[in-house]
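Heads up, the thing below is written out as structure tokens.
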6 protein chains.
Amino acid sequence: MQRTAIYPGSFDPVTNGHIDIITRASKIFDKVVVGVLENGAKHPAFTFQERVNMLKVAVAGIPNVDIKSFSGLLVDFVKQEDSSVIIKGMRAVSDFEYEFQMALLNRKLAPDIETIFLATSDKYCFLSSSIVRDIAKHGGSLEDLVPDELIETICEKLGKS
Amino acid sequence: MQRTAIYPGSFDPVTNGHIDIITRASKIFDKVVVGVLENGAKHPAFTFQERVNMLKVAVAGIPNVDIKSFSGLLVDFVKQEDSSVIIKGMRAVSDFEYEFQMALLNRKLAPDIETIFLATSDKYCFLSSSIVRDIAKHGGSLEDLVPDELIETICEKLGKS
Amino acid sequence: MQRTAIYPGSFDPVTNGHIDIITRASKIFDKVVVGVLENGAKHPAFTFQERVNMLKVAVAGIPNVDIKSFSGLLVDFVKQEDSSVIIKGMRAVSDFEYEFQMALLNRKLAPDIETIFLATSDKYCFLSSSIVRDIAKHGGSLEDLVPDELIETICEKLGKS
Amino acid sequence: MQRTAIYPGSFDPVTNGHIDIITRASKIFDKVVVGVLENGAKHPAFTFQERVNMLKVAVAGIPNVDIKSFSGLLVDFVKQEDSSVIIKGMRAVSDFEYEFQMALLNRKLAPDIETIFLATSDKYCFLSSSIVRDIAKHGGSLEDLVPDELIETICEKLGKS
Amino acid sequence: MQRTAIYPGSFDPVTNGHIDIITRASKIFDKVVVGVLENGAKHPAFTFQERVNMLKVAVAGIPNVDIKSFSGLLVDFVKQEDSSVIIKGMRAVSDFEYEFQMALLNRKLAPDIETIFLATSDKYCFLSSSIVRDIAKHGGSLEDLVPDELIETICEKLGKS
Amino acid sequence: MQRTAIYPGSFDPVTNGHIDIITRASKIFDKVVVGVLENGAKHPAFTFQERVNMLKVAVAGIPNVDIKSFSGLLVDFVKQEDSSVIIKGMRAVSDFEYEFQMALLNRKLAPDIETIFLATSDKYCFLSSSIVRDIAKHGGSLEDLVPDELIETICEKLGKS
């Protein structure tokens, strides 16, 4: 029996915290599908295609990870992928309550789908996409915050000129 | 001595979580006045009149509940209604800190007015107006989330066409 | 219709935070019954009788407050008093999660009984019985922490000799 | 590749909340090993053997669940079972912070072992072993709180006589 | 050795909670530099210059406090001021998690810079700039919420006309 | 003007998390006095003298740190040391609420004494004395958890024999 887990998000942009969760989930499940929410935020800093491309670069080395997009209810996307598991990263310093609420809601909408939480590595517990954008915008260093091969792309798009 | 309690909110739209609190408050107090905040959110999904009408439909069966509107400071509305009690629902998964802050602020503004909190039923602890809007927008089922008699109205206004 | 609310606790000893909640509850309800848990803690600092006596002194000025004892399930005591409302104080800095859990449990055990929470005054949000015991034990001042007329009693029992 | 997950605890006694997590985990993993901590609490209400026996009765209907005991570090037990996944239930009203701390600690002690969290069903979010013991001790009803076939055993051991 | 601490914020407008923290920090450090974030919020209620002027009025009586502006990364401003300490106020009812995340991030960006947190006085634990704006907009009293000498300025700009 | 800060605790035993806070505090203040609470816990794993000795070994390399003991109210010890600042470490995963309560209490007892909080390094956010004791008892590795020169001492006292 092949087990597929879905890891949803906006990834605007992907951070090392996301990659940490994807890597670890890829060891627990046979396949991990990263679901990029097409129109989550009103005005994403990166276009949908840029966000997908950055993720593809970042997970190139992990064989059992796919990058896909979705735009409706998460539970519909999970079913469509023949999966029954949603993965969420949780930071010690985090939106725990929000994620918990979403997990309960999703169980209500689709009782057969489980949300499982992984604790983000302590070294990434301060990290989020919005913090990465903020640092890039002010010309700070993104080293250790996003995958090395994406630093230039992100800084070019967001950095001071 | 007649005791009136005020239950304020935007109700954009009313959910079963709200109805749960209103029903329970109506058993503790002689009268419950639901105060609909006229201009709370910048861009409510439903007009003020729609939000009031939905509430009226939803509480039609509870004799000691009134629906009214207000637009200024909550404590001024409470005094105007000859009440001294504000009711707030609190979800296990919730904005507890925000509500607490508001309660302390309101005591500072009007020391004679009390805020009392009721614990939302566990089965509604994932529920909020914004979640209802989100599900309706993506064509998910609103059953058990809002009063049955409002499902069609909400889906028509917010659903995919 | 007379409305009675139950305010349960160990009161080992009663603090000004408790008195604050009792006073405010006495304005919302026709009668407030303070329920002293006879055998809550394993080794209370004060005997059951001492705790009751201190409470009686402390609320002597509030006409609609009674002091009673109970020893079983709280919901059984509430029913026995012909009440359907439990009052709990909640401190900004607090055991919110524990109290919430108890409220949900009590609704499960007795669906007709409501728990309502009052926000403890900001000036008492650091205060608890165990803190009072700790200060008394080390000879610190209890002024503003417990009712004036109890300071001597508490210090004599707990203070350094 | 067979995937085994470990669900550790004291189970003093097992509750419906535990059974909920075990059932759901048994659908995500090929095998779930419930690890009963032999000497976790100083003075458990039930002996180690009683706790194991109750679990065996409770999970008799789930084919891919085993009950085992352990007494040292959790990560050592996980390795010994050829597993790399620890399952923890998390209640909306919960010891989230403690569990998170344990997850980070266990990653430090054994980086290859993952802790994954499942959100406890909303209807069990008030439930814990200590609450069950408390209710049983005071003669309250355990219906819906523990598996039906254990109610008598638990009440006999803990109930008023 | 002179020790300078930086107290950053938007101060839109300054509240008595801010003044409380500034006053207390001025007793721990030789110099406190209040750093006004020039373009933090998208649409501040007060212009940058108004926010600076109000702060200058409010701290006029404290000799070792300077008001300055900054617009990039906070850690760059701290270095530029030859400081290595960031001061943050923390309310019992607060955005603790957010502040903690920022502190960890800033340590990552600049390991030699420390963030230290002071507990806001209990009497200000409900207070924030947005609450002050809200009250002023609805014609409520700002007494005890902002420095007396600023009440008129704030009400004129934000109040009902 | 010489500024002394007090860092109180039981240190049963000292961990790398404590040393991290002491080191950082020693850069902010002219002198740091580590105050070892003589009789905090009922049954400490290490005797008072052992706890003091371990601390002395651990901070030997930091010139402006003193190790002292105290047994009464913390604020009395702070005054006796001619200090007005208490240092507390705060973990992302932490007893924040408890520490906050203590800070407010101590301000009530001694308004001139400030409590300042430092955010514990992310890599120590899972660490506490009780976790160290637990690992040592079960023969786990203490590397990176306590100072290297104390590992043998701790394991000898607490480890399996």
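Order of the sequence lines sets the chain letters (A, B, ...), proteins ahead of strands, with each chain counted from 1.
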Which heavy atom of A:Ile28 sits nearest to which heavy atom of D:Phe29, and what is that distance?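 The pair with the smallest heavy-atom distance is CG2-CE2, 3.8 Å.
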If we only count heavy atoms from C-beta on, is the [X] to [Y] side-chain gap below 4.5 Å?
| X | Y | result |
| --- | --- | --- |
| A:Phe117 | D:Leu118 | no |
| A:Arg24 | D:Ile116 | no |
| D:Lys27 | A:Ser84 | no |

So with a 6.0 Å cut-off around NZ of D:Lys123, is the heavy-atom count from everything else above 12?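 Count not over threshold, so no.
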Residue A:Glu152 excluded, over 12 heavy atoms near CD under 6.0 Å: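 No - once you tally the heavy atoms of other residues, nucleotides and ligands closer than 6.0 Å, there are 12 at most.
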Nearest 0.5 angstrom please: D:Asp122 CG to A:Lys108 NZ, how far?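 Separation between the atoms: 9.0 Å.
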Can you say whether A:Ala119 sits under 4.5 Å from chain D via the side chain, the backbone, both, or neither, judging by heavy atoms?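 It is both, since atoms from each part get that close.
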